[in-house]
Amino acid sequence: MPNPILEARVIITCPGRNFVTLKITTTDGVYGIGDATLNGREFAVAAYLQEHIIPCLIGRDADRIEDTWQYLYRGAYWRRGPVTMSAIAAVDVALWDIKAKRANMPLYQLLGGRCRESVTVYAHANGHEISDLLESVAQHQELGYKAIRVQAAVPGVADAYGVPHGDKPYEPADGTIPREEVWNTPKYLRFMPRLMDAVRSKFGFDLAILHDGHHRMTPIEAASLAKSLEEFQPFWLEDLTPAENQDAFRLIRQHTTAPLAIGEVFNSIFDCQKLISEQLIDYIRTTIVHAGGITHMRRIASFADLYGVKTGSHGATDLSPICMGAALHFDLSIPNFGIQEHMPHTALTDEVFPHAYTFANGLMHPGEAPGHGVDIDETLAAKHPYKRAYLPVCRLEDGTLHNW
Ligand code: EZ4
Ligand code: CO
């Protein structure tokens with residue numbers, strides 16, 4: 001029995017930060033939701049859905065998830081890119097939600113059932129000095145986290161990535177135009193071994209320690225950083241250099257055995273094809289919302305598994321709780337899961353997006369609710385309208401525009 005799509009709508013809300021949600025309802029009254037948030041470019045995805053995708057969805061059989069994915073990807077003629085792939089992801093996740101609700105199963109069961117008991121997540125610790133970073137690590141350890149990402153301000157550098165500005169969260173999306181930050185890589189490279197040494201000296205080697213370079217190094221600088229941190233046994237070093245040129249990672253790999261992770265800005269399997277098949281990375285960090293949904297993420301994970309590459313999905317607060325819920329079902333169901341990033345959303349965001357997933361002792365579980373287990377309170381969402389906001393941009397001290 002086909003299950004035609006009756007209606008699809010885009011909902012934009014800002015309970016502290018902007019989220020774009022697609023809600024699809026079928027003729028039998030079941031609905032599913034998907035995250036369509038692309039931080040700082042929200043209306044591009046909303047318009048893509050509204051003007052170009054939704055008219056084609058009405059009347060389509062909601063059960064044909066793979067066919068719909070192919071229809072939206074191949075059928076557009078224009079392929080890939082964050083806007084297209086986020087829009088497709090929103091449809092894909094909403095359809096998986098509907099299918100699992102109709103099957104009366106949590107989504108991970110439809111995806112083949114669980115491959116593990118629960119999902120190991122890592123937290124973010126940061127500090128203006130090494131001493132308050134160490135305190136932050138201790139606090140996260142007390143909350144139960146077994147894996148912690150460490151970032152700190154670099155002495156003599158105006159703005160390091162991952163460190164809060166005043167009482168704002170470190171991961172700003174504010175200002176009606178992007179705020180500008182100033183960066184110095186050599187100072188950072190000299191500082192990082194000191195930071196890692198302090199963390200290992202205090203917490204020993206059992207705690208998994210991660211670090212994010214946020215695309216700021218050249219390949220040879222990245223190689224030098226990884227080499228200097230190797231003795232501290234990082235769980236992974238993330239986004240050391242941008243990867244528009246995937247070959248750049250070969251150079252880093254030649255110099256270090258430190259595990260490498262990348263992928264939060266990727267949107268297609270082709271962005272990581274060489275990184276994976278040539279075993280230039282250890283963790284692929286593509287996100288459900290930005291890399292074509294559950295359907296495409298499963299393809300990337302299966303491909304990665306052939307080469308011993310594990311997943312480590314992006315899970316920052318600029319991805320909505322819907323993305324987090326979907327990611328946890330995905331994480332539980334694939335054989336080559338590595339780790340999942342976790343930044344708790346604010347209480348207000350959790351209220352707008354009530355969810356079945358839970359956190360305890362450094363582990364998360366997607367819950368047993370039918371579907372992906374995340375909903376949206378539309379009345380509350382409507383009380384928090386969109387506010388234009390951008391991620392910062394980054395410049396070197398001489399004014400050269402750099403990667404944020
Ligand atoms: O900077 O999601 O690993 N996590 C990250 C994030 C990203 C933001 C970009 O909007 O790098 O904090
Ligand atoms: Co990152």
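Below, all heavy atoms of this structure are taken into account, side chains as well, without hydrogens, waters or symmetry copies. Remember, it's a predicted structure, so these values are computed and weren't measured experimentally. Numbering of ligands and ligand atoms starts at 1, following listing order. Position 1 is the first residue of the sequence, and the numbers go up from there.
Distances between N or O atoms of H124 and those of ligand 1 include no value under 3.5 Å. By the 3.5 Å distance cut-off applied to N or O atoms, D239 is not counted among the residues near ligand 1. Residue Y122 has no nitrogen or oxygen atom sitting less than 3.5 Å from a nitrogen or oxygen atom of ligand 1, judged on distance alone. Backbone and side-chain nitrogen or oxygen atoms of W404 are examined, and none is located within less than 3.5 angstrom of a nitrogen or oxygen of ligand 1.
Checked by atom type and distance alone, the side chain of R80 never pairs as donor or acceptor with a backbone atom of Y73 at under 3.5 Å. Under a 3.5 Å cut-off, the side chain of H384 and the backbone N or O of T13 do not form any donor-acceptor pair. In this structure, N336 contributes its side chain and V309 its backbone to a donor-acceptor pair below 3.5 Å. Put simply, the side chain of S333 gets close to the backbone of F330: a donor and an acceptor are under 3.5 Å apart.
Note on ring orientation: taking the six-membered ring where Trp is involved, the planes of H345 and F19 are perpendicular (angle over 60°, cut-offs 30° and 60°).
With atom 7 (C) of ligand 1 as the reference point, the heavy atom nearest to it among E264, E238, H215 is part of E264.
In this structure, the protein non-hydrogen atom closest to atom 4 (N) of ligand 1 is E341 OE2, 3.0 Å.
For ligand 1, the atoms lying closer than 4.0 Å to a non-hydrogen atom of D212 are 3 (O), 4 (N), 5 (C), 11 (O).
Looking only at atom types and distance, the side chain of E341 has a donor-acceptor partner in the side chain of H124 under 3.5 Å away.
Among the atoms of D239, no N, O or S atom falls under 2.8 Å of the Co ion (ligand 2). Within the coordination shell of the Co ion (ligand 2), defined by N, O or S atoms under 2.8 Å, E238 is present.
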I would like to know whether K23 and E378 meet salt bridge (charged side-chain N to carboxylate O under 4.0 Å, His left out); could you show each step before the answer?
CA-CA 10 Å; K23 181 168 186 173; E378 290 193 62; 2.8 Å; yes
